[in-house]
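To keep things clear, I will list the structure first and then write my remarks on it.
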Amino acid sequence: MQTHQAKRVAVIIEAVMQSRLTDAMEDAGVTGYSILPVLAGGGRSGRWTREGQVGRGQGMVQVICIISPDKLDDLLNKAFAVVESHIGVITVSDCEVLRAERF
Amino acid sequence: MQTHQAKRVAVIIEAVMQSRLTDAMEDAGVTGYSILPVLAGGGRSGRWTREGQVGRGQGMVQVICIISPDKLDDLLNKAFAVVESHIGVITVSDCEVLRAERF
Amino acid sequence: MQTHQAKRVAVIIEAVMQSRLTDAMEDAGVTGYSILPVLAGGGRSGRWTREGQVGRGQGMVQVICIISPDKLDDLLNKAFAVVESHIGVITVSDCEVLRAERF
Amino acid sequence: MEGMLALAADNLLSPIILFFALGVAAAFARSDLSIPEAVAKGMSIYLLFAIGFKGGASVADHGIDATLVLSLFAGLILSFAIPILAFALLRVMTGLSVTDAAAVAGHYGSISIVTFVAATSVATASGLTTEGYMVAVAAVMEAPAILSALWLIARFDKGAAQMDGTLIREILLNGSIVLLVGSFLIGCITGAEGLDLIAPFIVTPFQGVLCLFLLDMGLVAGRGLREARGVLKPGLFLFGVLMPVIGSSLGLVAGLLLGLSTGGVMLFMTLSASASYIAVPAAMRVALPEANPSIYLTLSLGVTFPFNLTLGIPLYLAVATALTGG
Amino acid sequence: MEGMLALAADNLLSPIILFFALGVAAAFARSDLSIPEAVAKGMSIYLLFAIGFKGGASVADHGIDATLVLSLFAGLILSFAIPILAFALLRVMTGLSVTDAAAVAGHYGSISIVTFVAATSVATASGLTTEGYMVAVAAVMEAPAILSALWLIARFDKGAAQMDGTLIREILLNGSIVLLVGSFLIGCITGAEGLDLIAPFIVTPFQGVLCLFLLDMGLVAGRGLREARGVLKPGLFLFGVLMPVIGSSLGLVAGLLLGLSTGGVMLFMTLSASASYIAVPAAMRVALPEANPSIYLTLSLGVTFPFNLTLGIPLYLAVATALTGG
Amino acid sequence: MEGMLALAADNLLSPIILFFALGVAAAFARSDLSIPEAVAKGMSIYLLFAIGFKGGASVADHGIDATLVLSLFAGLILSFAIPILAFALLRVMTGLSVTDAAAVAGHYGSISIVTFVAATSVATASGLTTEGYMVAVAAVMEAPAILSALWLIARFDKGAAQMDGTLIREILLNGSIVLLVGSFLIGCITGAEGLDLIAPFIVTPFQGVLCLFLLDMGLVAGRGLREARGVLKPGLFLFGVLMPVIGSSLGLVAGLLLGLSTGGVMLFMTLSASASYIAVPAAMRVALPEANPSIYLTLSLGVTFPFNLTLGIPLYLAVATALTGG
Ligand SMILES: Nc1ncnc2c1ncn2[C@@H]1O[C@H](COP(=O)(O)O)[C@@H](O)[C@H]1O
Ligand SMILES: Nc1ncnc2c1ncn2[C@@H]1O[C@H](COP(=O)(O)O)[C@@H](O)[C@H]1O
Ligand SMILES: Nc1ncnc2c1ncn2[C@@H]1O[C@H](COP(=O)(O)O)[C@@H](O)[C@H]1O
Ligand code: NA
Ligand code: NA
Ligand code: NA
């Protein structure tokens with residue numbers, strides 16, 4: 001089946017920063033993004049879990065964005081500006097997509 | 001450690017289409033799949049979130065399937081037949097797996 | 001934007017084994033990991049879903065870990081020791097990260 | 001008339017409506033107030049469980065009669081018929097495509113269970129008793145409208161709809177239908193005794209849960225309206241308030257012909273006037289993916305639901321009272 | 001005997017059983033009716049919280065006596081012993097491997113808290129009072145059976161089980177044990193006063209929540225049975241209905257020796273007859289990954305639980321009544 | 001004094017405190033007992049909904065007066081002022097950086113709604129009536145403290161804080177503020193009539209839900225304390241128990257000047273003494289990412305909350321009673 005090169009950007013970011021990140025992404029002209037829940041995690045700032053949590057202060061989400069390679073740099077710059085001073089992880093990997101016209 | 005080439009197919013699809021997609025995948029002879037929740041997202045048809053939603057009409061899930069490369073094309077064809085007329089994203093990326101005999 | 005090579009290890013493992021796996025990962029000196037929920041799935045041992053489930057006996061989670069390539073082998077060995085006798089899937093894929101110093 | 005205005009007035013100040021308004025306001029102000037999906041689903045399960053069981057228990061109380069069967073049948077007919085009327089209206093009143101019009105039409109033939117519950121509360125508050133089996137009528141009216149919508153597509157836009165056996169099963173065995181009918185039957189079987197057993201769970205706290213649920217609906221409706229600003233053209237909006245009135249008049253005729261009580265007539269009007277926002281949208285996404293969901297969701301949840309809740313229900317009550325001389 | 005049939009009959013028509021049946025039916029019909037995981041967990045937390053607290057409060061009421069301690073001890077013994085009996089039975093009655101047999105056996109030594117709750121409701125409905133500390137006995141019986149199962153493995157299939165300190169801690173500090181025991185102790189401490197304070201939450205709505213919870217259990221059990229069609233061989237099925245009867249007779253002996261009330265004896269029989277489907281399966285996945293979960297889940301949730309709910313409990317009640325002359 | 005000790009004693013044995021202790025114990029023992037996030041959120045929504053509505057209904061009952069407005073104003077001032085005091089204290093008592101000190105300070109100017117609820121229960125249990133509008137005061141005190149904290153940063157550590165319009169909106173339209181104020185207003189509008197309607201949901205089961213919610217808070221607090229062992233230096237710990245006492249004295253002065261009832265004074269003391277662990281931490285993560293969350297979370301949820309719950313509230317009650325001669 002005919003597929004096309006694309007980039008998969010996955011950002012694990014604090015839940016409180018989610019809307020700021022997605023706004024930045026829309027700035028960068030992404031055609032879409034999806035937000036996945038993260039239940040728990042561990043890192044240099046210790047372990048955490050969402051179990052029994054009421055507040056939004058603790059916890060991360062994963063924002064996934066599939067984009068065409070030419071938009072990558074702009075997206076990374078805009079996304080990084082949001083994440084920079086916060087904890088979180090930005091990864092980029094190659095992938096192939098169907099229906100390239102959508103990205 | 002000894003690893004083997006495989007393909008990681010990730011389909012972000014409407015929740016209402018989930019069972020149809022997994023049926024199609026089993027048709028294509030995949031040995032397994034996993035379904036991850038998607039909390040919210042944005043795209044050409046606007047933003048959405050599952051927060052406070054009762055109905056299944058709105059919202060997506062992510063179906064992940066690790067398969068051996070030789071099964072990829074058949075899977076893509078069968079999966080695409082389901083997604084074709086619907087919103088959603090199909091991505092394929094390379095990965096390595098342990099216990100190759102399972103895929 | 002300046003990015004660096006890294007590995008993305010994704011382990012789909014039974015929920016009951018989660019803490020054992022993350023302990024093993026910390027043994028292997030990972031700097032962090034994130035745990036994502038899995039709603040449902042299917043495999044050689046049949047289909048399952050978390051819907052309406054009270055017990056932890058059935059169901060999987062996905063543990064994601066971004067590490068620098070040099071730590072990969074140690075991690076895989078330690079992780080595999082946990083997963084070996086259990087159902088589950090370990091995949092490794094290439095990715096690029098910002099802020100390499102964190103991994 | 002005056003009585004009706006008074007009724008409308010203090011209906012507007014009832015807790016459930018004020019909590020719905022609070023939700024809409026919070027959504028417009030982009031507050032992060034939100035109710036977890038699992039809790040919202042839990043509340044809707046509670047509501048279906050409670051009204052189903054109570055309806056069944058009251059049937060066990062008053063016994064089954066011919067009117068019950070005829071009412072179910074009338075509900076079936078209305079659910080099939082209303083979409084066709086709605087479709088025609090949409091084609092003349094709005095610029096909607098055949099697909100969008102059919103999708104919207106399907107929602108109006110089906111029902112909104114919360115609107116039904118709200119109407120029941122108003123009826124009870126006005127000292128009216130209602131036929132317990134109206135719950136079963138509600139269940140019966142959920143699905144047929146979807147089939148009508150798909151038929152409209154097949155008729156006017158060859159082969160656009162994607163229909164298969166699985167879909168039919170999904171439509172007929174939809175979770176809310178199964179729970180509503182199941183609880184109704186269990187209520188019938190266990191009767192007053194069963195009701196006494198669980199009344200402290202399904203009767204006394206009911207109104208409070210309903211308030212929280214309407215807060216959630218307000219949040220969802222408000223968010224939808226904010227997202228879909230562009231969609232809501234005057235013609236569509238007009239349809240959203242006109243259609244329930246037309247629907248209710250069909251329900252009125254049915255109720256009168258069946259010789260239902262004042263409360264029963266009012267509930268029949270409400271069912272016919274209300275539009276689905278749970279079962280039908282899901283079915284439409286499967287069968288009519290090209291139809292624009294923000295149109296039917298905004299209309300049914302953002303326009304028709306609040307209209308029925310605030311003005312519709314008192315209107316239907318007033319009319320039913322007048323015409324049944326109740 | 002007749003009385004017992006009558007009892008069994010209207011037990012079969014009790015709301016909780018009908019809702020369980022509704023769930024099973026919905027699952028078989030592949031309806032999309034489902035209760036969110038978080039809501040299901042919330043309900044089970046509520047049930048443990050409520051029965052633990054009520055049990056403790058009633059102990060505070062009646063005071064602690066030697067029988068309490070002896071009952072706990074008896075529960076401990078039974079939980080250790082029953083798996084060995086079950087294992088032997090499985091090896092002769094079924095073709096299960098040592099691993100599968102041991103895994104299944106562990107479930108039958110442990111208990112199902114919902115079965116216990118259902119039995120308590122039946123007892124209360126029949127005007128029996130029960131010893132409040134039976135809740136503590138239930139808690140005590142949860143874990144030991146798991147250790148027996150692992151011992152069986154070590155004994156008959158060298159080194160197959162994966163046992164470590166962490167696992168022991170997980171088994172003994174299992175969430176449901178901690179909540180049940182904790183609520184029980186708090187009930188003991190705060191007594192009648194504490195109970196008055198929260199009775200409107202844990203007493204009056206209890207039966208209603210139980211109905212919803214059984215609906216959920218029916219959905220899960222039905223789904224499991226559908227998935228595991230192949231697994232349920234006649235021999236296994238027979239074991240699933242025979243083992244509870246055998247277990248209950250051991251509970252009967254213990255209850256009589258302890259000189260418990262009729263209700264107490266019946267509850268002891270129920271505990272010994274019931275099989276775990278929450279704590280034990282989780283432990284087995286960790287310790288015996290090769291054991292096939294669909295065997296023990298189907299047996300305990302799909303066969304033994306419904307058997308106890310429908311026929312077992314009335315039987316245990318009848319026997320206990322007869323033999324205690326209560 | 002004696003009376004106070006007695007009060008403190010049976011306060012310590014109240015179900016809510018025992019369930020909090022159970023949660024902490026379970027977390028320390030690393031039991032897997034946990035309450036799903038959705039259920040925990042659902043309970044906190046329930047609590048805000050219930051106390052907001054009850055407060056409003058009682059205002060509708062007693063009418064609005066000048067004291068109400070003055071109390072809101074006093075709350076505003078205290079919420080702005082307390083962080084500055086706390087900041088100074090932290091700088092002298094502990095080695096915290098400006099950023100960490102400001103972040104912690106913000107928490108103490110804001111409030112903990114559960115502490116407020118617990119104090120209300122104690123007041124009611126001691127036969128005191130409290131001004132219904134104290135709920136509104138609680139709402140007013142939530143946000144200003146955050147602005148103070150950010151001002152402290154701007155003042156002492158130029159430009160460290162990341163402040164923008166979005167953040168201000170998020171702070172002021174925080175979900176819990178909107179729900180609390182909204183329910184309060186709806187309570188005011190619908191008054192006694194509305195309260196009668198939903199009392200079986202928000203009044204009678206309230207204490208039971210509160211127990212479960214405190215179990216959850218105990219689990220979260222215990223987990224936090226376990227994770228943050230290192231963080232809790234003696235100086236910090238001392239601050240965590242000293243600051244509420246200081247805060248309460250400011251609340252005392254305000255309450256006396258306002259001429260509130262004994263119960264009202266006690267609640268004002270409690271509000272000033274309590275520290276936020278929901279709204280403020282979230283705001284701090286956005287505005288002060290460099291501040292170490294385990295410091296302010298451990299202090300507010302792990303030290304000050306339990307202190308207020310166990311010793312603080314009885315103390316505030318005793319002092320309020322003595323000084324109002326109530
Ligand atoms: N290497 C990693 N792989 C996956 N998730 C990570 C990684 N590092 C950090 N995270 C996530 O980001 C959170 C904060 O990380 P940290 O700033 O290192 O404490 C962690 O709790 C994890 O949820
Ligand atoms: N490029 C993308 N990356 C990740 N998720 C996407 C992307 N495009 C669409 N989605 C998801 O698919 C949904 C529908 O997309 P659309 O059809 O563009 O409205 C969105 O709401 C997202 O959840
Ligand atoms: N190829 C696969 N891709 C994604 N998830 C899988 C795959 N194989 C197994 N899984 C997950 O692991 C679980 C157990 O797999 P199995 O041992 O094959 O029954 C399945 O139910 C899925 O959730
Ligand atoms: Na209708
Ligand atoms: Na047993
Ligand atoms: Na304060």
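Worth saying up front: this structure is predicted, and the values here are computed from it rather than measured. We name chains A, B, ... by the order of the sequence lines, and we start the count at 1 in each one.
Annotation: maximal heavy-atom pairing with chain A below 4.5 Å, among C:I64, C:V97, C:L36, occurs at C:L36. Contact tally against chain A (heavy-atom pairs below 4.5 Å) for C:P37, C:G32, C:C65: the top residue is C:P37. Of the listed residues A:S93, A:G42, A:G41, A:A40, the one with more heavy-atom pairs under 4.5 angstrom with chain C than any other is A:G42.
C:T3 touches chain A through its side chain: at least one heavy atom from C-beta onward sits under 4.5 Å away, while N, CA, C and O do not. Using a 4.5 Å cut-off between heavy atoms, C:Q62 makes no contact with chain A at all. For a residue to count as touching a neighbouring chain, one of its non-hydrogen atoms must lie under 4.5 Å from one of that chain's; by this rule C:L98 touches chain A with backbone and side chain alike. For A:E84, the part sitting under 4.5 Å from any heavy atom of chain C is the backbone (N, CA, C, O) and nothing else. For A:I12, the part sitting under 4.5 Å from any heavy atom of chain C is the side chain, from C-beta outward, and nothing else. Heavy atoms of A:D73 lying under 4.5 Å from chain C belong exclusively to its side chain.
When every heavy atom of C:R99 is checked against every heavy atom of A:I87, the shortest pair comes out as NH2-C, 4.2 Å. Contact record, C:T22 with A:R47: OG1-NH2, 4.1 Å, taken as the closest heavy-atom pair.
For the atom pair C:M1 CE and A:I90 CD1, the distance stands at 7.0 Å (nearest 0.5 Å). Interatomic distance, CG of A:L39 versus CD of C:Q18, reported as 7.5 Å (0.5 Å rounding).
Ion pair C:R8/A:D94 not flagged as a salt bridge, since none of the NZ, NE, NH1 or NH2 atoms sits closer than 4.0 Å to an Asp/Glu carboxylate oxygen.
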